[in-house]
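Worksheet: one structure, shown below.
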Amino acid sequence: QVQLVESGGGLVQAGGSLRLSCAASGQPFSTFVMGWFRQAPGKEREFVSTISWSGTTTYYADSVKGRFSISRDNAKNTGYLQMNNLKPEDTAVYYCAATDRPLNRIIYRSLGAYMHWGQGTQVTVSS
């Protein structure tokens, strides 16, 4: 059973930074493609970023490109989402997701591509 646990959310002022973590257990982390999604109140869950097994390939939603950075430390079984220059519209519950299929074989922006999900962590950005 794969478990993903997010942490690092919180309340921050616009322009500030947060780093989210996703700790994985139950299966070697290096076998996962890891993604981040978010869901704002009243809106659908949307793609934020994804990273390949090795960490060499990353993709971002246009809305976060240049401000967010995804990374992973396979030795620590942990993935990260560094969020800089946060805006009020970034307010959402952020979810970590994982799949054992290779990045070039999935529709990485699609929720259905990921088989494992964390419980989410709240990020609130005040103006």
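All values below were derived from every heavy atom in this structure, side-chain atoms included, with hydrogens, water molecules and symmetry-related copies excluded.
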If you take all heavy atoms of [X] and [Y], which pair is closest and at what distance?
{"X": "Ala113", "Y": "Ile106", "value": "CB-CB, 3.9 Å"}
{"X": "Ala14", "Y": "Ser127", "value": "CB-CA, 4.4 Å"}
{"X": "Met34", "Y": "Ser71", "value": "CE-O, 3.8 Å"}
{"X": "Thr78", "Y": "Ser21", "value": "CG2-CB, 4.2 Å"}
{"X": "Asn85", "Y": "Arg67", "value": "O-NH1, 3.0 Å"}
{"X": "Leu4", "Y": "His116", "value": "CD1-O, 3.5 Å"}

| said: Between Lys65 and Asp62, does any side-chain N to carboxylate O distance fall below 4.0 Å? | reply: yes

Close side-chain approach of [X] to [Y], heavy-atom, < 4.5 Å:
{"X": "Leu20", "Y": "Glu6", "answer": "no"}
{"X": "Asp90", "Y": "Met83", "answer": "no"}
{"X": "Thr91", "Y": "Gln122", "answer": "yes"}
{"X": "Tyr59", "Y": "Ile70", "answer": "no"}
{"X": "Val64", "Y": "Arg38", "answer": "yes"}

Quick one: [atom1] on [X] to [atom2] on [Y], what's the gap to the nearest 0.5 Å?
{"X": "Thr31", "Y": "Asn74", "atom1": "OG1", "atom2": "CG", "answer": "9.0 Å"}
{"X": "Arg72", "Y": "Cys22", "atom1": "CZ", "atom2": "SG", "answer": "9.5 Å"}
{"X": "Leu18", "Y": "Thr121", "atom1": "CG", "atom2": "OG1", "answer": "8.5 Å"}
{"X": "Asp100", "Y": "Tyr114", "atom1": "CG", "atom2": "OH", "answer": "12.5 Å"}
{"X": "Ser7", "Y": "Tyr94", "atom1": "OG", "atom2": "OH", "answer": "15.0 Å"}
{"X": "Arg101", "Y": "Ile107", "atom1": "CZ", "atom2": "CD1", "answer": "9.0 Å"}

| remark: Given the options Phe29, Phe32, Trp117, Val2 meets side chain to side chain contact (heavy atoms under 4.5 Å, CB included) only with Phe32

| Test applied, ring-ring contact (aromatic ring centres under 6.0 Å, His included); reference residue, Tyr108; option that passes from Phe47, Tyr60, Phe37 | Phe47

Are [X] and [Y] grouped together when hydrophobic residues (ILVMFWY) are joined by side-chain heavy atoms under 4.5 angstrom apart?
{"X": "Leu86", "Y": "Val93", "value": "no"}
{"X": "Trp36", "Y": "Val125", "value": "yes"}
{"X": "Ile51", "Y": "Val33", "value": "no"}

| field | Geometric cation-pi criterion Arg19 and Tyr80, 6.0 Å radius, 45° cone | value | yes

| Heavy atoms of other groups near Gln82 CD, more than 12 under 6.0 Å | yes

